[in-house]
Number of protein chains: 2
Amino acid sequence: MQNSLAAGEPAQMSPLQRDSLQQQIYERLHAGLIAGAFRPGEVISTRGLATQLGVSAMPVREALTRLTAEGALELTPSRNLAVRILSRADFDEVTAIRTELEGMAAARAGAARTATDVTTIRARHADLADAAESGDIDRYLSANAAFHASIYAVARWPLLLSMIQRLWLIAGPAIRACLPDQTHLGRSMACHDTILAAFLTGDGAALRAAIIADIATAAPDIRASLTIGTTRSNDDEIQS
Amino acid sequence: MQNSLAAGEPAQMSPLQRDSLQQQIYERLHAGLIAGAFRPGEVISTRGLATQLGVSAMPVREALTRLTAEGALELTPSRNLAVRILSRADFDEVTAIRTELEGMAAARAGAARTATDVTTIRARHADLADAAESGDIDRYLSANAAFHASIYAVARWPLLLSMIQRLWLIAGPAIRACLPDQTHLGRSMACHDTILAAFLTGDGAALRAAIIADIATAAPDIRASLTIGTTRSNDDEIQS
DNA sequence: ATCTTCGATCTGCGATCGCAGTAAGGGTCA
DNA sequence: TGACCCTTACTGCGATCGCAGATCGAAGAT
C-alpha cells in the first residue's frame, strides 16, 4: 500500500533511515576509533561534534556515553571527554583478552565457514594487501579491522563479535599512534597470509594459532610506544 | 568553606553524591538484572522508571540505552524496551564465553591473591552458604554474583571483570527464571565449596577448573528451561 | 452480534534550555 | 612590571517539551 509507484518500478525503495541517530553516530565513531581517526588523549566535545554532524547534542551525548562506558573514552578532571590513553597494564590486559576471545572466534570460524565466507574473506584479504602496498596507513587500518572482523563474523556468534569489537575500540587509537613502523606493516602482512591460508584449509586450530601469532607479533611494538604517547600527548596542536 | 560544622566534628562528610544519576540508575538496574529482579520479556518503561525513581526521564534513558547496547534489554516491535529473552543458541554462546573469560580470571586470581583477598572471599562464601541455607532465592542469587565477582576482582583486571559482568547481565534473568530447582541449589553449593578450597590453596589451574565446573553444572538446567520461558512468556499477568 | 474505525494514551527519540563546575583571558591594583 | 581577581566561554548533566509510531478500547455501522 505504501509504495504508490507500484507498477513499473522494479527499483527497491531507498533505505530512508535505518537506525536511530545515536546509533549512526556511535557506529561512525566506532569505525573512526578503530581506524585511528582519533589520537589518544584527543578531546571530543559533545556540542562540537553535534554541530559538526548537523544534529542536536542529545544523540551525540548518548553515543559518547556508550563509548565512555565501554572504556574507549574517559572523563578528564576538567570535565572533558577524551580518547582514553592506555597504560601498559591496560594494553597487556586488552591483549590477553584479545588472544583468548579472537582465538576462540577463529577456531569456531574455521569449522563453520561456508563457500560464501571464503569469497568474502578472500576479498577482504585482497583489500588489505592492496592497502598495505599503497602504504596508506588509514586505509590499511580500516582494511585490517574489516579483515579480522569478517573472519570472526564467520563464527556466527554476535555477542562474541561485539566483545571483540569493544577490545579493538579500546586498542585502536594506541595502534594508530605507533603507525609509522613500516617494518611492522610487512611482518603483519606475513601473518595475514598465514591467516588466510589457515582459513582456506578450514583448520580451526591452525587459524586460531595464526590469529594469536598476529596479535603477538604486533603487541610489542605497540606496547613500547605507549608511555611515550602518554607523556607528550598534549604537546602538539589540538587538531586539524 | 562548605562545612559550617567546622571545629568539633571529626566525622567525615557524607558522600553526598558519588556518580552521575545515570550511573547510579545503571548500577541499580545492573544489580537487579543479575539478581533476577526482572523476568525475561518484562517491559521496562523509561518514564515509568523515572517517576518511580523520582528523576527525569533523561538519565533513565541513557542507562536503558547502555543496557540495550550491552544486550541485556531489547527493543520490541511495539517500540517497548523489554528484558531480553535468550534463545538456546544465545545461551550457549554466553556460556561458552563465560567459560573462557571466567576461567581466565580465575586462573589469574589464584596466583595474584593476597591475605586481604582471602578474608574477603571467605566472607562472601559464608554469605552465600547462609543464603543457600535460608532458601531465599533472591538473597542466594545476589550472594552468588557477589561471590563470583569478588573472586574475579582479585585478578585486578577491570576490563576483564567488566566483560564478565556483561555476560552475567545477559544471563541473569534466564537464571532467575528457572529458580525453583532446589536440587540445583545444592549441587551449586558443592561447586562453591570446591571453588573456595581451590582459592585458599592458591592453585590457579584448580580454581579455573572449579569455576568451569560450576558453570557447566548449572548450564543444562537453565538451558532446558529456556524455550519454555520463551513460548509462554507473556501469558501470565503483566506485573505486580 | 460482529466488524470496522477513530481517538486517547502509551512508547522511544530528538531538540532546546538551564545549571554547576572548570579553564583561560583581560583588566586592575600594588 | 608583576601578581591577583573577575569575567567569559566553554564543558557535561539533567529537566522539559514536542514528534511520530503503536497499542488498546470504545463507539458506530452493517
Side-chain angles (χ1 to χ4, degrees), chain A residues 1-3 13 15-29 38 41-84 233-235 237-239, chain B residues 1-3 13 15-29 38 41-84 233-235 237-239:
Chain A
M1 296 59 177
Q2 177 74 351
N3 45 353
M13 295 290 292
L16 278 180
Q17 193 161 353
R18 347 163 317 190
D19 290 322
S20 60
L21 275 181
Q22 58 159 293
Q23 183 66 21
Q24 297 181 44
I25 297 169
Y26 174 84
E27 288 172 5
R28 189 177 296 197
L29 292 173
F38 304 94
E42 180 174 342
V43 172
I44 297 185
S45 154
T46 301
R47 289 180 175 86
L49 234 176
T51 58
Q52 185 173 341
L53 294 175
V55 297
S56 160
M58 176 104 294
V60 177
R61 257 181 62 183
E62 306 217 7
L64 294 180
T65 299
R66 281 178 57 185
L67 291 171
T68 305
E70 288 177 334
L73 308 180
E74 59 186 354
L75 193 57
T76 71
S78 57
R79 297 171 63 87
N80 284 10
L81 281 177
V83 178
R84 177 172 168 198
S233 63
N234 284 349
D235 286 358
E237 69 275 9
I238 304 176
Q239 64 176 8
Chain B
M1 300 58 177
Q2 178 73 349
N3 45 353
M13 295 291 291
L16 278 179
Q17 192 161 352
R18 348 163 315 185
D19 291 321
S20 61
L21 276 182
Q22 59 159 294
Q23 183 66 19
Q24 297 180 44
I25 296 169
Y26 174 84
E27 288 172 5
R28 190 177 297 198
L29 291 173
F38 304 95
E42 180 173 343
V43 172
I44 297 185
S45 154
T46 301
R47 288 181 176 84
L49 234 176
T51 58
Q52 184 173 343
L53 294 175
V55 297
S56 161
M58 176 103 298
V60 178
R61 260 180 60 183
E62 305 217 10
L64 294 179
T65 299
R66 282 178 56 185
L67 291 171
T68 305
E70 289 177 332
L73 309 180
E74 60 187 353
L75 194 56
T76 70
S78 58
R79 298 171 61 86
N80 284 9
L81 281 177
V83 178
R84 178 172 167 198
S233 63
N234 286 349
D235 287 357
E237 68 276 9
I238 304 175
Q239 63 176 12

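Naming convention: chains lettered A, B, ... in sequence-line order (proteins, then strands); numbering from 1 in each chain.
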> Over how many whole Å does the gap from B:Leu75 atom CG to D:dG21 atom P extend?
Replying inline: 15 Å
> Does the side chain of A:Leu81 reach to within under 4.5 Å of the side chain of A:Leu75, using non-hydrogen atoms?
Replying inline: yes
> Below 4.5 Å, heavy atoms only, C-beta onward: do A:Leu29 and A:Leu49 meet side chain to side chain?
Replying inline: yes
> Would you say D:dA22 has OP1 or OP2 under 4.0 Å from some side-chain N or O of B:Ser78?
Replying inline: no
> Do B:Val43 and B:Thr76 touch side chain to side chain, with heavy atoms closer than 4.5 Å?
Replying inline: no
>> Please convert DNA chain D into dot-bracket. A pair counts if it is Watson-Crick or G-U wobble with both distances under 3.5 Å; crossing pairs go in [ ] and bases paired with another strand get |.
In response: ||||||||||||||||||||||||||||||
> When you match A:Arg47 and A:Pro77 each to their closest nucleotide on DNA chain C, which lands nearer the 5' end?
Replying inline: A:Arg47
> Which pair of non-hydrogen atoms, one from A:Thr46 and one from A:Val60, has the smallest distance, and what is that distance?
Replying inline: O-CG1, 3.6 Å
> Rounded to the Å, how far apart are B:Leu49 CG and D:dA15 P?
Replying inline: 13 Å
> What's the shortest heavy-atom distance between A:Ser56 and A:Ala50, and which atoms?
Replying inline: O-CB, 3.4 Å
> Expressed in angstrom and rounded to an integer, what is the separation of B:Asp19 atom CG from C:dA20 atom C1'?
Replying inline: 17 Å
> Are B:Thr46 and C:dG12 close enough that a side-chain N or O sits under 4.0 Å from OP1 or OP2?
Replying inline: yes
>> Quick check on side-chain contact (heavy atoms from CB on, under 4.5 Å): which of B:Leu21, B:Asp19, B:Ile25 does B:Gln23 satisfy it with?
In response: B:Asp19
> Between atom CG in A:Asn80 and atom P in D:dA9, what is the gap in whole Å?
Replying inline: 18 Å
>> Regarding A:Leu73, tell me which of base, sugar-phosphate or nothing describes its non-hydrogen contacts under 4.0 Å with the strands shown.
In response: nothing
> Between C:dT11 and B:Ser45, is there an OP1 or OP2 to side-chain N/O distance shorter than 4.0 Å?
Replying inline: yes
>> Check this for me: does the side-chain of B:Arg61 come within 3.5 Å of the base of C:dG12 through a donor and an acceptor?
In response: no
>> How close do A:Arg47 and A:Ala57 get, counting heavy atoms only, and between which atoms?
In response: CG-CB, 4.4 Å
> Pick the nucleotide of DNA chain C nearest each of A:Glu62 and A:Arg79; which residue has the one closer to the 5' end?
Replying inline: A:Glu62
> Taking atom C1' of D:dG14 as reference, at what distance in whole Å does atom CG of A:Leu64 sit?
Replying inline: 16 Å
>> Output the rounded distance in Å from CG (A:Leu21) to P (C:dG12).
In response: 17 Å
>> Nearest to the B:Ser56 side chain among D:dC19, D:dA15, C:dG14, which nucleotide is it?
In response: D:dA15
> Given that A:Met58 and A:Leu81 both sit by DNA chain D, which one's nearest nucleotide is further toward the 5' end?
Replying inline: A:Leu81
> Base, sugar-phosphate, or nothing for B:Gln22, non-hydrogen atoms under 4.0 angstrom?
Replying inline: sugar-phosphate
